2 protein chains.
Amino acid sequence: MENSHQLNRLQTALHHQGLRMTPQRSLIMTLFQQLPKGEHLSAEDVYQRLVNEQTPLSLSTIYRTLHLMSKMGILRELELAEDHRHYELNALDGKRHHHLVCIACTKTIEFESNSIQKIGEKVAKGSEFSLLDCQLVIHALCPACQR
Amino acid sequence: MENSHQLNRLQTALHHQGLRMTPQRSLIMTLFQQLPKGEHLSAEDVYQRLVNEQTPLSLSTIYRTLHLMSKMGILRELELAEDHRHYELNALDGKRHHHLVCIACTKTIEFESNSIQKIGEKVAKGSEFSLLDCQLVIHALCPACQR
DNA sequence: TTAAGTGCAAAAACTTTGCATATTT
DNA sequence: AAATATGCAAAGTTTTTGCACTTAA
């Protein structure tokens with residue numbers, strides 16, 4: 001099934017770097033896999049959702065895991081208007097979404113764009129970088145906040 | 001001259017909202033105007049650069065001013081890989097630049113793109129938002145960090 | 001076995017806020 | 001004069017880290 005397949009991929013990737021699969025990492029990975037499209041979580045969110053599971057899990061471990069999985073390209077770190085970072089599964093197929101954010105009320109609209117993805121790939125390739133993620137953030141005022 | 005023209009624009013904009021021009025705001029505005037293209041500052045950076053000026057200036061005031069000027073569309077708040085926010089003057093002509101960031105060593109390359117700007121405008125208009133800023137951030141691995 | 005991972009508690013880094021005083025308009 | 005802005009110091013948030021203990025491979 002899909003879930004265990006993804007967990008295997010994570011495990012393989014970890015082992016390639018001499019790192020280990022743990023119940024905590026597995027739990028966090030599974031949480032993000034089950035997350036509805038478009039939803040993203042902060043470290044604290046992750047903690048609240050998993051603290052009552054059978055596996056013990058601390059905030060420090062969550063921070064460490066979120067960083068690790070972002071560096072591995074498994075999660076994407078969203079840079080929105082909020083005061084803390086949010087994470088979501090990084091789409092393997094390049095179907096990444098972008099954000100239109102009202103800076104007054106923080107209302108956020110998501111959208112997809114093939115063109116942005118293509119620009120990102122072109123720019124990365126032009127500098128010989130290998131792309132992990134690209135995201136457009138548009139800061140604006142929503143109709144209500146324009147008065 | 002250019003500088004005082006910009007200061008006048010700031011003053012007018014402030015007065016429109018019942019707010020006031022102060023020596024501190026003027027100082028901060030001038031600093032950003034004189035900043036070389038492509039350079040951006042954190043609140044702490046601003047403090048370090050201005051603390052020895054004749055005008056007294058505190059970190060709180062800097063934070064308050066940076067927020068205010070971002071909400072006014074005068075500054076843009078950059079969302080990069082760093083752990084704190086950076087600011088720079090928001091280009092009035094739409095010549096905004098974007099960032100390609102190596103997530104391993106944080107090496108950053110800036111680039112401009114008319115297409116991105118156009119996409120931003122189209123998306124904002126589509127939802128009847130009024131655009132203030134748009135920025136593409138590409139997370140990637142630079143050649144050196146790919147091993 | 002042994003290097004990596006975890007939890008805890010403490011610290012660090014960054015940002016916000018209350019309040020008295022000072023300043024713009 | 002009235003309302004806004006500032007500085008200070010204290011508090012708030014979010015994130016990081018040291019260390020002893022645990023665990024995956």
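Please read all numbers here as calculations on a predicted model, not as lab measurements. Every chain is numbered from 1, with letters handed out A, B, ... down the list of sequences.
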Contact residues, residues 16-24 of chain B to DNA chain D [heavy atom, < 4.0 Å]: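 Under 4.0 Å from DNA chain D: B:Gly18, B:Leu19, B:Arg20, B:Thr22, B:Gln24.
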Terminal helix-axis angle for the helix from C:dT1-D:dA25 to C:dT25-D:dA1, with five pairs defining each axis and rounding to 10 degrees: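 One end axis against the other gives 50°.
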Under 3.5 Å donor-acceptor, [X] side chain and [Y] backbone:
{"X": "B:Ser26", "Y": "B:Thr22", "result": "no"}
{"X": "A:Gln135", "Y": "A:Glu77", "result": "yes"}
{"X": "A:Lys71", "Y": "B:Ile103", "result": "yes"}

Contact boundaries on DNA chain D for chain A, cut-off under 4.0 Å to non-hydrogen atoms: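 That gives a stretch of D:dT14 to D:dA25.
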Residue-level proximity of residues 61-72 of chain B to DNA chain C when a heavy atom falls under 4.0 Å: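 Only B:Tyr63, B:Arg64, B:His67 qualify.
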Pair listing, side-chain hydrogen bond (donor to acceptor under 3.5 Å, both in side chains) test, anchored in residues 60-69 of chain A, at least two apart: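 Residue pairs with at least one partner in residues 60-69 of chain A: A:Ser58-A:Thr61.
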Any B:Asn90 side-chain heavy atom under 4.5 Å of B:Met69 side chain: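 Heavy-atom side-chain distance check fails, nothing below 4.5 Å.
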Mind checking what makes side chain to side chain contact (heavy atoms under 4.5 Å, CB included) contact with [X], not counting sequence neighbours?
{"X": "B:Ile119", "answer": "A:Ser113, A:Ser115, A:Ile116, A:Ile119, A:Leu136, B:Val123"}
{"X": "B:Arg20", "answer": "none"}
{"X": "A:Asn8", "answer": "A:Gln11"}
{"X": "B:Glu88", "answer": "B:His40, B:Arg76, B:Leu78, B:His97"}

Rounded distance [0.5 Å steps], CD1 in A:Ile28 versus CG in A:Leu68: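 A:Ile28 CD1 to A:Leu68 CG: 10.0 Å, rounded to 0.5 Å.
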Linked, directly or transitively: B:Leu19 and B:Phe32 (ILVMFWY side chains, under 4.5 Å):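 Same cluster.
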ILVMFWY cluster, A:Ile109 and B:Leu132 together (side-chain gap under 4.5 Å):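 Each belongs to a different hydrophobic cluster.
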N/O contacts under 3.5 Å, protein versus nucleotides 9-13 of chain C?
none

Spacing between A:Leu27 atom CG and C:dG7 atom P, to the nearest angstrom: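 Rounding to the nearest Å, CG of A:Leu27 and P of C:dG7 are 10 Å apart.
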B:Leu57 CG to C:dA22 P, straight-line distance once rounded to whole Å: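 Those two atoms, CG and P, are 18 Å apart.
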Within residues 108-134 of chain B or reaching into it, pairs that qualify as ring pair (Phe, Tyr, Trp, His ring centres under 6.0 Å) - sequence neighbours excluded: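 For residues 108-134 of chain B: B:His98-B:Phe111.
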DNA chain D: 5'-proximal contact among B:Arg25 and A:Glu44 (nearest heavy atom):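 Nearer the 5' end of the strand: B:Arg25.
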Intermediate values then yes/no, salt bridge (charged side-chain N to carboxylate O under 4.0 Å, His left out), A:Glu112 and A:Lys37: CA-CA 12 Å; A:Glu112 288 187 8; A:Lys37 185 176 163 56; 3.1 Å; yes
Could you pull out every donor-acceptor pair under 3.5 Å between side chains of residues 47-55 of chain A and any protein atom, sequence neighbours left out?
{"unit_1": "A:Gln48", "atom_1": "NE2", "unit_2": "A:Glu44", "atom_2": "OE2", "d": "2.8"}
{"unit_1": "A:Arg49", "atom_1": "NH2", "unit_2": "A:Glu39", "atom_2": "OE2", "d": "2.8"}

Closest-nucleotide 5' rank along DNA chain C - winner of B:Ala43 and B:Gln11: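 By nearest-heavy-atom nucleotide position, the 5'-most residue is B:Ala43.
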